[in-house]
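Heads up: the structure comes next, in structure tokens.
Numbers restart at 1 for each chain; the letters A, B, ... are given by sequence-line order, proteins then strands.
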Amino acid sequence: MKLFKHDVKAEAPGRTESLACIPQHIPGIDWICAENGDVLIEYPLNIKPFFLQIAKRFKRESQTKLTKKLQLDGLGSSVWLMIDGETDIKTIIEKFTENSGLTLQEAEQSITSFLRQLGQRGLIAIK
Amino acid sequence: MLKFRQVGWNGIRLTVPSAWETHIGGHNHLIFEADFSPLLEIRWKKSAKGKNPKSRSIEKQIKRTTTTLREVNLPSEWSFLEEKYYTTCFGKSELAFSTGICVCRECQSLLIFQLSHKEKNSAPLLRKCLQSLSCHHSTDEPEFWSLQDFQLTLPPAYSLIDYSFTPGLTRISFRTRRTVLHIGKLGPADARLKGQTLEEILRSLAGTPDLKVQFGENKKSCAGYQAPTIGKQIALRFKRDKPFVRAEIHHDSTNNRLLAIVLESLRPIPPEICQSIWNNYEIIQA
């Protein structure tokens, strides 16, 4: 009775494995570093085809590329700049602790939630 | 030379290496970590007066643990535990002792600890930490609280009700019969003070706009007090708010931290209470 079988969910990685992961920027995402050091990211919006059709009808340009902009604050920008595809999350946390004046525990909490948000927006991938 | 520091949380005190990170798992749960992996975990339960939790509590814990662990003999290096506690040890094999269930011989508190022997070097350190573990103190002795980079001593009448360790804001709340005390630590102070003044931070921590605020002499501290009229007191009591509030915030520029305390009460709060708490609340120098 295959129909009634539940899908076996993949086991979520533990904390140690998660901290050893390496985040990297998704190619094709434009970002610039402003003069004050803040990072401005422009990323394409993932819109369902139905809503895209509606948007196209209201816009006259044949090729509409809908994007969204995200401005990071000082701390967020420093983390974004540390993401280079080689540094693991653990190292990012340690470096962030040195620069921010937060404790290791606080830094871990804030960075993991920040990376989760970036991942949900499709701005980074974790390898 | 390895540095050590004393950690105190909800009745438990022990000395651990300064490099270890202390995580709070709950009101009666501490986790010590080094290099992002847990080394020692302690849970405890204070016994109710006149009740001996030994047999029933241990039985319960054994039932929970025996599915993966089995009882092993206490290794000779760990025999110091027997001096203070009735101890039962568990492990996956006879050689690997990883979990201990202890009942204090004096105060009957139940303690469960779990060890991680990933690094061979950590075993002597773990023994040293558990040797320093204490679960009971004299009733007159103030309660010692020390975590992260701060320490505080409070009269034993204050009991823990809530805590939160969000990035940049640590808050621990205590209660006595009529008073609620909130201890706060904000950091980094320079970043906080860029967007807000000390007074604004104090008002938002106290959660009341009617606070009469006074600055300290060096402008690095400010204190506020709320003593409403009888009409307002009744209105606040209807809303289940405590009418009398006394709050104080200090800027510790050396450690780049803001330290705050907020007292809420049904009765007027004498300034001496606030002062006595301040005298025992500080940032530990690294």
Problem - Side chain / backbone / both / neither for A:Ile93 at chain B, heavy atoms under 4.5 Å - result: side chain
Problem - Pairs of heavy atoms under 4.5 Å with chain B: top-ranked of A:Gln105, A:Glu108, A:Arg15, A:Glu94 - result: A:Gln105
Completion exercise
Note: vs chain B, highest number of non-hydrogen pairs under 4.5 angstrom among A:Leu104, A:Thr103, A:Leu102 is A:Leu104
Handout entry: Aromatic ring proximity, centroids under 6.0 angstrom, B:Phe4 and B:Trp20
Key = no
Exercise for the section: Measure distances from A:Ser100 to the heavy atoms of chain B and classify the residue's part below 4.5 Å as side chain, backbone, both or neither. Expected result: backbone
Exercise for the section: Could you pull out all residues at least two apart from B:Asn10 that satisfy side-chain hydrogen bond (donor to acceptor under 3.5 Å, both in side chains)? Expected result: B:Asn28
Handout entry: Salt-bridge criterion met for B:Lys185 and B:Asp149 (N-O under 4.0 Å)
Key = yes
Practice task
Indicate, with yes or no, if the rings of B:Tyr163 and B:His27 have centres closer together than 6.0 Å.
Solution key: yes
